Structures are given as C-alpha cells and as structure tokens.
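Note on naming: letters A, B, ... go to the chains in the order of the sequence lines (proteins, then strands), and numbering restarts at 1 for each one. Note: hydrogens, waters and symmetry copies are ignored here, and every other heavy atom, side chains too, is used. These numbers come from a predicted model, not from an experiment.
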Amino acid sequence: MKVRIRRFDGQKAWWQDYEVDAKPSDTVLDILNRIREKHDHTLAFRQSCQMGSCGSCGMVINGLPALACQTRISELKTESIRLEPLYNYKVIKDLVVDLTDFVNKHRSVKPWMIRKNPQELEEAPMEFKVTPDQNLTFVQFDYCIMCGLCLAACPTVAIDPLFLGPQALAQAYRYIADPRDEGFEERIEILDDSHGVWRCHFAGACSYVCPKGVDPAKAIQYLKKEVLKYRLLHKKKASVKPAELIQKPPPANAPKPPPFDFKIEGGE
Amino acid sequence: METLDYDVAIVGTGLAGLRTAIEVLRRDKGRLGLRVAVISKLYLMRSHSVSAEGGTSAVLYPEEGDSFELMAWDTIKGSDFLADQDAVWRFVHIATQEIRLIERWGVPWNRRADGRIEQRWFGGLSFPRATYAQDKTGFFEMRALYDTLLKYENWDRFDENFVTSIVIENNEFKGFTAIDLKTGNFRYFRAKAGVIATGGAGQLYRITSMAASSTGDGYGLAYNAGLPLKDMEFVQFHPTGLVPRGILITEAARGEGAYLINKDGERFMKKYAPSKMELAPRDIVSRAIMKEIMEGRGIYDDNSGLYHVWLDMRHLGKEKIEERLPFIREIGLKYLGIDIVDQPLPIRPTVHYNMGGIHVDIDGKVLNANGSPVKGLWAAGEAACVSIHGSNRLGSNGTNECLVYGYIVGNDVYNYIEKERPALPNPSQNILLAEEDRIFGKILGKESGGEDVYQIKDELKDTMEKYVHVYRTGSDLEKAVIKIKELKERYKYIKLSDKSRIFNYNLEHALELGFMLDIAEVIARGALLRTESRGAHARLDYPNRDDANWLKHTIALKGAEGPLFSYIPVKITMWKPVARVY
Amino acid sequence: MEKEKEEKRYKSGLLRSLRPYKFNLERYTYTLHRITGVILILYLIAHVFEIYHLALGPVAWQQTMALLSSLGIWEKIGLWIIAGSALYHGANGLRLILNEAFGMLLGKPVLPEYPYTPTSLSRNQKIAIYTIVVIVVALWIWAGIYLLWGLGII
Ligand SMILES: Cc1cc2nc3c(=O)[nH]c(=O)nc-3n(C[C@H](O)[C@H](O)[C@H](O)COP(=O)(O)OP(=O)(O)OC[C@H]3O[C@@H](n4cnc5c(N)ncnc54)[C@H](O)[C@@H]3O)c2cc1C
Ligand code: HEM
Ligand code: SF4
Ligand code: FES
C-alpha cells in the first residue's frame, strides 16, 4: 500500500512516500505505527486510546478530516492513502498540530455547570431528578471527544481565526440544554457576538466529519434560536424544563453479608 | 533548563489526577491562593480513563437493599482477601458521595423513568450497583471533571509534558523533571507537594485494552526514585477483548445478559461458576476462557492466527443494545464489520488493569522503603496501590477508586500545605543536571550502539504475552526473567534515529521503554516468587491459594541487580479469608 | 521563510473556505450562497450608480442606457446571472432562515447511533435543498427565455 504523508520538521516541508504492507482490516493508525516502527522512526503523529474515544489522532485522510484509529483501509476504497495534518491549525511537526487556540476557545464559553446557588455544586446529598427524556436533550452534544476535526472542516474557521468554532459552540449548547444548568444568561452574552454564533453560516461540514455524531451544526442553529428568543422576546430562560433536586429518603434496614469477624476500625 | 514554581504539581490527568486537582482548588477557593500545575504527556482530556466503559460502583439507594457492608464484602471477596480491609471500608463510604457530586458537575448517568439514577449488574457484585452512563461511563466522567476543572483559575495546564523523574532528597519530595514535547526543552517543576496519577501499564502486552499511553511511567518513576512498588505481579486480564487487538468489550455486556459460548455452542461458564455464570469476577472468567481455548474448544481466527470464544448478545434485542450498549455495537461494526444485533463477537482475554502500584497508605501518601511516608508526595488512581483491589479488581471498582482517592488525596494535600506551610524546596543542582544529561546526553545524544527501541519493545511484548499471561508456570516465568534481563542489557545500547527536539516521540518511547523494562522485571520476578494462585495470579504449578504463607503484600525495591523483594501483612479488620466460590 | 509558507498553507485562506470538494452538499450550498451574495452586492452598487444617473438629467441617463445596450448580449447574460443569483440566494436564504432562526429541518437531539448520520444534514434538509434547486433552475430557465425574448432572438 502506498502512503503519502505531508511532512514538516519545523523548518522545511515536503511530501514523503512510503510503501507498507497492509491488511484491509488495518486502520490508518496501524499503518502509521508500522511506518514509525519499521520504516521511519522520525515520523510524528499523536495517538492514545486506539479506539476512537480520546480524540488524539485527528488528521486529514484523503482530503477529509477523520480519526486515524477509526478509519479502516477497506473503507477508503483507494489504492493509496494521502495524509495531511488537520487544516486550519498551525502545524508543529508532521501530523501534529497546535491545539492551544482550540482548547482556549472551548474554555471561553464556560463549559461547566453553573448554578445560581453555587453551594449546590459543592455537596450532593442526593442527585437531580432528570428523566431519560430530559437526558436526551443534551447527551448527544456531550459525546464530543474534542478531536478538533470539526474546526478543520469548517469553511468559516478557515477565514476567521477568532470564530469560536463548532466545538466550543456545541459545548455551550450542551450546558444550556442541560436541565440542571442555570448559566443561560451568562453564556448568551459570550455567544451573541460577531465571532460567536452569528459567524456560523451553516455549511454543516462540522457535522459531516464529526466522528462521534455530535452534530455541532444542529447545536449551533438551536443556539441562534435561543439567542434570538432571548434578545427579541426577552425570554430569560432557556427552553428546557429545569430539573429539581431529589430529597434524601429516610434510611431503611438492608440485608447483611456475613457478620464481621472483627470490630471495624477507621470507618467513618 | 527552565524552573517552574508551584504549590502542587499533579502528574497525570486521568480521573484520578483531575479529581485531585479539582479537590485542591475547591478546598482552597483562593484562601491560600495555591497554584497548581497539571501535567500530562497527552493533552489533558485525552487520558486513558476516557476508554472506561461499563460503570462505577457505589451504594446509592440503601433503602432498596444495598449496603456498605455488602459492597465492602464483594470487594474483599473479589480481591481474594488480599485487599486492605480498612481502606476498602473507607472507600465504599466515599464512593456514594462522589457519584452524586460528579452528577452535579454534569455526568449524564442513565436514569430510571422516575428521574433517579439507574444501576446495573457487574461481575462479582451481589447487588446491581454499577452506576453507568451508557457504555461510555469513564468518558462522560472525564468530560465532567475536565469541564469542571476549567472553571477554576489558579492552575496552569502543561499538555504534552513528559515527566522523566521524581526529585527526592532526604525523604522529601522536591519536584518533577519533564520534557516539554512541543519545544523539546527540559523543565523542572519545583513544587511543595506532588501527586502521581499516571495510570497503568497495559502496553507491556501485545493484546491490551489499554491506551498506547498506558506505559506505566508512574511505576517506573517511583521505582527509579528508590520507592517501593506493591503487588505488581497481579495483572488483570479482562475476559472479553475483541480479537485481534484486544479492544475492550465491556463487562456491562455480560451485566446486561450476554452469553459466553465455545466452539460447541455451549455456555461453558456453568462449569466454572455455576451460580454467577458469566457474571463471575474477571479472573475467574478469564481463566475459564483460556481453559476452553487450551482444551481445544476455542475457535480459530484465520486473520490474526488467534483462538477465541464467542460473546453472544443476539438475544438482548436491538432496542436494549441501542439504549445501553451503543458503543459496543459501534466497535463491532467499525473494527470487524459485525453487528452484535445478529452476530456474536470473537473475544479473548485482554490486559486491562494493574492491581499493584506505588506503595501508599490509606491517605494516598507514598511510603518509602521503611514504610514511612515521603514528605510531600502522594499517588492516586491506578498508579497507586492502597490496596483496595488486592489480587483482583472487581469490574466498576476502578473509576470510583480514582474519584475517591482523588478526593482523599486532594484533601490531604491541602491539609498538609495549610498545616505545615512548607517552603519551596531547593534540591542540589547536581540531581537536575544529571537527569538532563541522562536524557539529552546519554540517550538522545548517543551516537554509538545499534539497538532499536521498537525492536526491543516488540520482543518485550512477545515475552510478556507468552510467559506472563493468565496462566503462569515457574519455568515460563524463569524464561521471562532471563529474556527481560537480556532486553535490559540491550536497552543500554539503544540509538535514536530522530535527533530533533520538537515532538521527538522517539525519545519519549525510549524513556517509556526504560520504565517498561523495569516494571516487566518486577512483575515477572514477583510472580515467580509467589508460589500460590490468588486472584489474577494463577500458577499452574501451584493451583491453590496458600493463606498460611502468602496472605501478604509483595514489596519490590530497586536494587543494583534488579528488584529486591520483601513482604508486609494484609490489614484484615472485618472478614477472615474464606474459600472463594461463585 | 519556508516555515511561514507552510503555516500559511495549513492555516486558512479564502480558497480553502470556498472549496467544498469531498465535503457535504450543504457546504456546496454555502459556497454558492456566498458567491451569489457577493454578486448581488456588486449588482446593487452598480444599480445604485445607474439610478444615480437618472438624477443627473435625461442626457446622462440616455448615455448610460446607450452604454448598457452597447454591451449587446452581454448585458442580457449579466442580467441572467444576476437573476439566477437573486433566485438562488433568496430561496436558499429562506431555507437558512428556517434553519437558523426557527431551528427547523434540523431534527431533535438524539442518541447518536453508529454510523452517525447527523440529523441536521439528513432527509428534511436534503429535500429542502433539492426543492430549492429544482425551483431555482426552473425559474432561471424561464428568466433566460424571457431575456432572449426581449432580445427578439426567439
Ligand atoms: C478499556 C478499559 C475499560 C475500563 N472500564 C472500566 C469500567 O467500566 N469501570 C471501572 O471502574 N474501571 C474501568 N477501567 C479502569 C479505569 O478506567 C482505570 O483504572 C482508570 O481510568 C485509571 O485512571 P487514572 O487516572 O489512574 O490514569 P489514566 O487515566 O490512565 O491517566 C494517566 C495519565 O497520566 C499521564 N501520564 C502517564 N505517564 C506520564 C508521564 N511520564 N509524564 C506525564 N504524564 C504522564 C497520562 O498522560 C494520563 O494523563 C477500564 C479500563 C480500561 C482499560
Ligand atoms: C430574498 C432576499 C434575500 C434573502 C432571503 C437573503 C437571505 C440571506 C441570509 C439568510 C443570509 C445569511 C446566510 C447565513 O447566515 O448563512 C444572507 C447572507 C448574505 N446576503 Fe442575502 N438575502 C437576500 C437578498 C440579498 C441581497 C439583495 C443581497 C445583496 C445586496 C444579499 C447579500 C448577501 C450577502 C453578501 C450575504 C453574506 C453571505 C455570507 O456571509 O455567506 N442578500 N442572505
Ligand atoms: S464536535 Fe465532533 S468533530 Fe468537533 S471536536 Fe467534538 S467530536 Fe470532534
Ligand atoms: S487514538 Fe484515541 S481517538 Fe484515535
């Protein structure tokens, strides 16, 4: 199998060809590991989980951003593979790109649980009451593995480096749609910006390449709707039903394992 | 060399590391203004914990029949009575609070219709107490913790910084040295308190469910700093790893009712664990599968040349699979093109967890060779061995250990700094310069020698896979010890082809290999010495548990000629060992 | 020097932004919407300029008209492209308004299921796009015929 990789060593850049043997069941990551171990030790690429859940191995495979560990050779249906670092990021070395901006954008939308009474996040005698249906409103967007493929696919990120990008916006919506969260107004101020939701023109490429089905484009369009509602109709709340806290039930007697042979020490 | 000053330095950002960082910052709330450095050799959110699938055990609803005693009993029985019972007792109590706390931070636990948290069966449990978020439990937990950490201000992230050594002088922790992979610069993290949360060492084996980054660096760091490792010979094999590479098919599949089937279409677990069947603890199921394969009832896979058995989920129905095991379905489709809705999966045991680890006390403080704490150093998560899991961890007891010990260690670190007000340490420069020279002079700069890092790693994996697997024998283990010794000798003559500074993965892999060889030696030698079968350590030549001689923890210390072993008693405070039948 | 070039190559650029090759249908509509939007702006400027001559008196207006008719068939082709742009931009713009302001055609949040077809790019969206294409093309052909009629060719 012929593999052509865009190399960069910090100074100069070039295309390099490798000839590797491959089984159809191999993933692109297997091939890359084979190259690094058997052919060229200097090739740099990221990897960790090898099962599509850590987000390390994003790269452009035959022109489309994808996870290397999750792309089988047989799916590609081509004679040769062309690998490039992710588009729209600064390349550091070979297939390794700089994700600093990416993680900062994510952080800037306050992707954490916000409660009006912060004490509720500090101790938890019981859980929130969330029905399976309520779970559905946000779990899809919680699937994000922060691989950054969506930003590589996005035509708007390509011309506006300040655009928050699909990942961060989808994460903002993940919390806004969560019935346990109360940070709606705080986040809307950040999102309602020319580099925020309004920069998105719904090319949908993010959803197209997302390896986890997060569908960030959907989240962003929903966000726009929320922002409009907030601004035009002066609605102060997100359109999700807030979850209530469950009260702690009185303790009851439970069946016991074999009796202790000793007195317990160190229990609390 | 660049020196960075912090109050607390945390290495490793799996569940354990993140939870510790959050706990320190949460306790502090700007009171002491503690500055925390969070260091990982990957991007923070990429840690191996994201792969955890099945569930996290905790007693949530005692009114429905579960109890702390029951969970403690399950854990201790599962550990084959090698767990320290005082630690288990404490652990089961804190787990409950942790589940609910991370629920408030965003984990989307699966719910019952009435809005409360749903739980399910897992191997070795007497009550369905594995709390789960589909079959991506660890992933959602990581997300919630990472997101919550972002909320705090007083910390700095050091993504892709590879820690190379722990600086310890006079039994006092003085910081970590690291390479910043992005620039190749050498860094010294000077800190008042350090936490090691570097996870396990699954990469010692070829067929493993663990990430490429799980190379056991934490064990190697401690071992090379002269600190003892505990119970390293206990390596957990998860029964259901997908053939060929060992990707994990979660135990939750069996928790939901999947069958294990051999060549003859027989549910063979009835021979090995008649009452629990497929839901017996992992060591027992793994042995059962290996036995079936050894006795010729396995199925041969042409593609990989491996024998396997089937994991059958067809009778669960599409709806249940989609709701509770969507990721397993995805893995089957993605890697083998098999849809579990209408075909069984080929599986065999895969390396999954290291029960052993850095010797710590019940508060997570790292202990030195004399059994007293090293000032200012903690360990948590899979890297540490408290020991809660003894010789065999129960499924769904790994992630909660990380959470519970993140909580305990975070608090302990904070209390230490609050009470003792330690000053920033001042190590002698020689130590740092020697470390810098070891890496950049002796390993990166070396022009002689011709050994190849990847070749040695390959041979190491083959050795471990062949000789230190589910079933072990004295003669196999001896062969392994000799081979590892030879590899260690050859390791001295490695030469790197990549001489650059930025993202020199070649250098990183060489350093990791150094750690891996050390750990492999400790595992093989420790297993050779332990002449009994207990939990995950099964010797064909000593098939029985031997409480008279071996109800004790193994302690390994680095010596001039390989590891030196000693033993310490198990803390038994609640239940005396009894026969372990399921 | 080389380094900067490489950074630029991978960083960004209008070209990458407008090149939907290999990607999804919506990214093609995005590119087209952009281009037609720009055409419409250019036309608007030109049109304002044209109307402005009306204020300068009949002579100036006559001259402008003469200039335009001297373009011959190109004037009509230009108008035809502008008509097409307006048609496509308007129709697709309506779809985008449904998407963006009303959250329509996107599907509800779901549990993603391998192989993960995003609902926002699924059936409803595609139906909307194909409908737009059919209507726009039909009207555009009609506009072409109408223009040719005006020229007296047909
Ligand atoms: C496939 C799989 C499924 C599992 N499923 C379950 C389950 O269902 N339930 C359950 O309870 N448990 C499960 N476990 C076990 C559980 O996931 C692990 O025990 C737990 O995640 C370990 O977390 P950790 O924080 O200790 O380390 P890890 O998550 O492994 O993190 C290690 C961290 O250390 C960093 N690091 C390592 N070396 C260095 C170095 N030299 N320098 C700098 N940083 C370094 C890494 O970058 C990483 O950030 C599963 C494990 C596997 C393999
Ligand atoms: C029927 C009338 C029109 C409708 C319904 C319409 C609709 C829209 C919409 C919804 C957008 C936003 C696209 C997005 O957010 O993705 C847009 C963008 C735009 N429109 Fe229009 N529009 C119309 C007429 C015009 C006219 C007459 C002009 C020219 C003056 C014009 C120029 C533009 C430009 C330049 C853009 C920016 C394109 C981009 O950013 O991709 N539009 N239009
Ligand atoms: S939204 Fe999808 S493509 Fe974007 S970072 Fe998350 S998982 Fe990756
Ligand atoms: S290696 Fe983790 S996603 Fe590919």
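- Of the possible donor and acceptor atoms, one in the side chain of Arg180(A) sits under 3.5 Å from a partner among the backbone N and O of Gly106(B).
- In this structure, Lys29(B) places its NZ atom where more than 12 heavy-atom neighbours from other residues, nucleotides or ligands lie under 6.0 Å away.
- The contact between Val96(A) and chain B is made entirely by side chain atoms (from C-beta outward), counting heavy-atom distances below 4.5 Å.
- Chosen from Lys23(A), Gln47(A), Arg36(A), Gln134(A), the residue pairing most often with chain B at heavy-atom distances under 4.5 Å is Arg36(A).
- Residue Leu95(A) holds its CG atom at 11.5 Å from CZ of Phe503(B), rounded to the nearest 0.5 Å.
- Between chain A and the residues His509(B), Lys571(B), His48(B), Glu64(B), the most heavy-atom pairs under 4.5 angstrom are made by His509(B).
- Of the two parts of Asp159(B), neither the backbone nor the side chain holds a non-hydrogen atom closer than 4.5 Å to a non-hydrogen atom of chain A.
- The structure places CZ of Arg112(B) at 12.5 Å from NZ of Lys129(A), a figure rounded to the nearest 0.5 Å.
- Proximity to chain A is limited to the side chain of Lys136(B), based on heavy atoms less than 4.5 angstrom apart.
- Of the inter-residue distances, the one linking Ile246(A) atom CD1 with Asp114(B) atom CG reads 7.0 Å to the nearest 0.5 angstrom.
- The closest donor-acceptor contact from the side chain of Lys151(B) to the backbone of Trp112(A) lies at 3.5 Å or more, if one exists at all.
- Of the atoms belonging to Gln134(B), it is side-chain heavy atoms, and not backbone ones, that fall under 4.5 Å from chain A.
- Most heavy-atom pairs under 4.5 Å with chain B, from the set Ser25(A), Pro125(A), Pro132(A), Ala44(A): that is Pro132(A).
- One distance of note links CD of Gln70(A) with NZ of Lys334(B); it measures 3.5 Å at 0.5 Å rounding.
- The residue from Val139(A), Asp178(A), Leu136(A) that alone fulfils the side chain to side chain contact (heavy atoms under 4.5 Å, CB included) condition with Pro108(B) is Val139(A).
- For chain B, the nearby part of Phe45(A) is the backbone; its heavy atoms alone come within less than 4.5 Å.
- Of the residues considered (Ala113(B), Ala87(B), Ser500(B)), Ala113(B) shows the highest number of contacts with chain A, using heavy-atom pairs under 4.5 Å.
- Both the backbone and the side chain of Leu101(B) come within less than 4.5 Å of a heavy atom of chain A.
- Within the 4.5 angstrom heavy-atom criterion, only side-chain atoms of Asp30(A), from C-beta onward, approach chain B.
- Proximity to chain A (any heavy atom under 4.5 Å) is restricted, for Phe327(B), to the side chain, taken from C-beta onward.
- Atoms CE and OG, on Met210(B) and Ser48(A) in that order, are 10.5 Å from each other to the nearest 0.5 Å.
- Of the listed residues (Leu245(A), Asp181(A), Asp9(A), Thr27(A)), the greatest number of heavy-atom pairs within a distance under 4.5 Å of chain B belongs to Leu245(A).
- Across all their heavy atoms, Met51(A) and Tyr335(B) have their closest contact at CA-OH, 3.4 Å.
- At least one donor-acceptor pair closer than 3.5 Å links the side chain of Trp105(B) to the backbone N or O of Leu121(A).
- With a threshold of 4.5 angstrom between heavy atoms, Val107(B) approaches chain A through N, CA, C or O but not through any side-chain atom.
- Contact of Ile247(B) with chain A is made through the side chain alone, with heavy-atom distances under 4.5 Å.
- For Lys38(A), the part lying under 4.5 angstrom from a heavy atom of chain B is the side chain only.
- If you measure heavy-atom distances from Ile331(B) to chain A, the contacts under 4.5 Å come from the side chain alone.
- Among the candidates Leu42(B), Ile117(B), Asp147(B), the residue making the largest number of heavy-atom pairs closer than 4.5 Å to chain A is Asp147(B).
- Around atom CD of Glu244(A), no more than 12 heavy atoms belonging to other residues, nucleotides or ligands sit under 6.0 Å away.
- Expressed to the nearest 0.5 Å, how far SG of Cys147(A) lies from CE of Met45(B) amounts to 9.5 Å.
- Counting only heavy atoms from C-beta outward, the side chains of Val103(A) and Arg157(B) approach each other to under 4.5 Å.
- His41(A) approaches Tyr454(B) most closely through the heavy-atom pair CE1-CD1, 3.4 Å.
- Using a 4.5 Å heavy-atom cutoff, the side chains of Arg143(B) and Met146(A) are in contact.
- In this structure, Arg46(A) pairs ionically with Glu160(B), as a charged nitrogen and a carboxylate oxygen lie closer than 4.0 Å.
- Salt bridge present: Lys93(A) and Asp498(B) bring a charged side-chain N and a carboxylate O closer than 4.0 Å.
- Side-chain contact check for Arg104(B) versus Glu120(A): some heavy-atom pair is nearer than 4.5 Å.
- Using modelled atom types, one side-chain atom of Arg107(A) and one backbone atom of Leu150(B) make a donor-acceptor pair closer than 3.5 Å.
- Interface summary for chain B: among Leu99(A), Ile114(A), Asp40(A), the most heavy-atom pairs under 4.5 angstrom belong to Leu99(A).
- Contacts between Glu23(B) and chain A at a heavy-atom distance below 4.5 Å are absent for every atom of the residue.
- For the pair Asn135(A) (side chain) and Asn110(B) (backbone), a donor-acceptor distance under 3.5 Å is absent.
- In this structure, the portion of Arg245(B) lying under 4.5 Å from any heavy atom of chain A is its side chain and not its backbone.
- When atom types are taken as modelled, the side chain of Arg116(B) and the backbone of Glu127(A) share no donor-acceptor pair closer than 3.5 angstrom.
- In this structure, His106(A) and Tyr146(B) have parallel ring planes: the angle between them is below the 30° cut-off, well short of the 60° mark.
- Each of Thr42(A), Thr131(A), Val130(A) has some count of heavy-atom pairs under 4.5 Å with chain B, and the biggest count is that of Val130(A).
- More than 12 heavy atoms of other residues, nucleotides or ligands shown are found within 6.0 angstrom of NZ on Lys461(B).
- Closest approach of Tyr143(A) to Pro326(B), counting heavy atoms only: OH-CG, 4.4 Å.
- Of the atoms belonging to Leu336(B), it is backbone heavy atoms, and not side-chain ones, that fall under 4.5 Å from chain A.
- When all heavy atoms are compared, the tightest approach of Thr100(A) to Tyr43(B) is N-OH, 3.8 Å.
- For the set Gly52(A), Cys49(A), Pro111(A), Ser74(A), the entry with the most heavy-atom pairs within less than 4.5 Å of chain B is Pro111(A).
- For Ser51(B), the parts sitting under 4.5 Å from any heavy atom of chain A are the backbone and the side chain alike.
- For Glu330(B), the part sitting under 4.5 Å from any heavy atom of chain A is the side chain, from C-beta outward, and nothing else.
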